[in-house]
Amino acid sequence: MRVDSSAPYNHARRLLDWYDVNARTLPWRSPPGTPPPDPYRVWLSEIMLQQTTVASVKGYFELFITRWPTVAALAAAEDADVMQAWAGLGYYARARNLLACARSVVADHGGRFPDTEAGLRKLPGIGPYTAAAVAAIAFGAHATVADGNVERVVARLYAVETPMPAAKPTLHALAAELTPTQRCGDYAQAMMDLGATICTPRSPDCPACPVAAGCAALKLQTPTRFPVKAAKVARPTRQGTIYWLRAGDTVLVTQRPPRGLLGGMRALPSDEWATVRPALAPPADATWQLLPGSVRHVFTHFELELVVMAATLNDGRSVALPAGATWVALAEIDRIGLPTVFAKAARHALAHLNTDRVDEKAA
DNA sequence: AAGCCGTGGGC
DNA sequence: TGCCCAAGGCT
């Protein structure tokens, strides 16, 4: 994974040489080798560009800069005006944070953006990426930007096999090694331009890449294999049994263990949910009837197929209840805060025992 | 610390 | 069509 010690220098030099010729011209950018843009412009563009394409941002950026040319002007704007101007760009928390940040810069920093990563990082809406980007691009700080472009470029340069997102710390560390001490802002933008125009996700233009000679993924002839993504694991199906135990017009309700899946929530008596249905004893000695059909529910990491067994006791007091279990009136069952999976099971039971329920209520 | 948050474009 | 993706941050 580690390359020889001269590689970082060569990488940065080749990339900057490429950027000097191929830098994209963008409204918030100054040409390579020229003094950096107004930090306000850099910051505004970086906020807008979060998870948003350059093409989408351009028009909004021009509109904002024209209407609010300085951070002080933006800070003084009406909330509704800014939100309206942002409309259509998406991720509207960014707009709220944009205003909060502008006002903090004016109120707490004398109208000037902090010039360090740490200082920027404290402002609303500025996370690790944006702090590094503003520090490097607007202030020339020796900061390493690590956005999706950089992660992809570095994953390919080093053919990092670790799947995302677990690979992020490794990729960020490698990106930091590659970062030069000079022209940090141009370098940051060069990496992102490379990722956006050459080292693209689906069809990278490797013959045009200035650092192809040092690219491990290209050497493997599989550049698009990187960054490796975690395989989307097919959700396994687990099976379980719910025990619908009636006594008079009440039903037995239990409580989940305090931690883990549905932790601390009310529940219906159940066996464990496993890949193979365990044959556990029902919670009471009674005549159990397997209801037709089943209940399906999808959790984050598995899908559950439940069957429901039902029984009716003449006297609920004859049963030793598990800790936390109580008898709950049938009429209350959908109002006690059952997680959806149990609510489904209850509905299933009630549907199949509808005749009984009606009879009970009539009696 | 996973889930959530908007939208437009490419294939 | 549906899915993936795009200069992430917040909770």
Side-chain angles (χ1 to χ4, degrees), chain A residues 19 23-30 36-37 39 41-61 64 83-101 104 117 120-138 143-155 163-166 168-169 171-172 175 179 184-205 224-233 235 259-263 298-302:
Chain A
Y19 184 71
R24 288 178 292 175
T25 300
L26 299 171
W28 46 86
R29 192 178 259 189
S30 56
R41 297 173 70 91
V42 177
W43 163 75
L44 178 61
S45 69
E46 291 299 343
I47 300 298
M48 289 183 166
L49 286 162
Q50 289 169 5
Q51 296 292 286
T52 308
T53 59
V54 166
S56 297
V57 165
K58 278 183 178 174
Y60 284 88
F61 178 83
F64 268 67
M83 298 308 291
Q84 182 179 352
W86 194 278
L89 198 53
Y91 284 134
Y92 299 100
R94 292 185 296 174
R96 298 191 293 273
N97 286 329
L98 189 81
L99 260 176
C101 183
S104 175
E117 272 188 278
L120 289 160
R121 184 67 184 78
K122 294 175 184 168
L123 292 167
I126 297 185
Y129 162 75
T130 304
V134 174
I137 297 170
T144 299
V145 300
D147 71 329
N149 285 310
V150 174
E151 288 171 356
R152 183 172 57 258
V153 168
V154 173
M164 296 292 279
K168 287 195 173 199
L171 297 176
H172 293 192
T179 303
C184 297
D186 281 346
Y187 174 81
Q189 293 174 97
M191 283 288 275
M192 291 188 284
D193 273 20
L194 186 72
T197 65
I198 303 286
C199 194
T200 57
R202 295 178 189 273
S203 53
D205 186 7
T224 57
R225 193 162 69 80
F226 304 95
V228 177
K229 292 182 189 171
K232 277 175 274 190
V233 289
R235 256 190 278 267
R259 303 164 66 102
L261 184 70
L262 307 174
V298 179
F299 291 99
T300 311
H301 53 299
F302 68 93

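Lettering of chains follows the sequences in order, A, B, ..., and the numbering in each one begins at 1. This one's a predicted model, so the numbers in the text were calculated from it and none came from an experiment.
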Is the distance from OP1 or OP2 of C:dA7 to the nearest side-chain N or O of A:Thr52 less than 4.0 Å?
no
Check A:Ala23 against A:Arg29 and note the closest heavy-atom contact, atom names and distance.
C-NH1, 4.2 Å
Assert: residue with more 5' nearest nucleotide on DNA chain C, out of A:Arg24 and A:Ile126, is A:Arg24
Under 4.0 Å between a side-chain N or O of A:Gln50 and OP1 or OP2 of C:dG8?
no
Under 4.0 Å between a side-chain N or O of A:Arg152 and OP1 or OP2 of C:dA6?
yes
Considering only heavy side-chain atoms of A:Arg202, the closest of B:dG6, C:dC4, C:dC10 is C:dC4
Between the side chains of A:Tyr129 and A:Gln50, does any donor sit under 3.5 Å from an acceptor?
no
When A:Asn149 and A:Gly125 are each assigned the nearest nucleotide of DNA chain C, the 5'-most assignment goes to A:Asn149
Side chains of A:Asn149 and A:Arg152: is there a donor and an acceptor less than 3.5 Å apart?
yes
Using a heavy-atom cut-off of 4.0 Å across all strands, would you classify A:Trp43 as base, sugar-phosphate, or nothing?
nothing
Residue pair A:Leu194 / A:Tyr19, side-chain heavy-atom distance below 4.5 Å:
no
With respect to the phosphate group of B:dT7, does any side-chain polar atom (N or O) of A:Tyr92 fall under 4.0 Å of OP1 or OP2?
yes
If I pick the C1' atom on C:dA7 and the same atom on B:dA2, what distance separates them, to the nearest angstrom?
23 Å
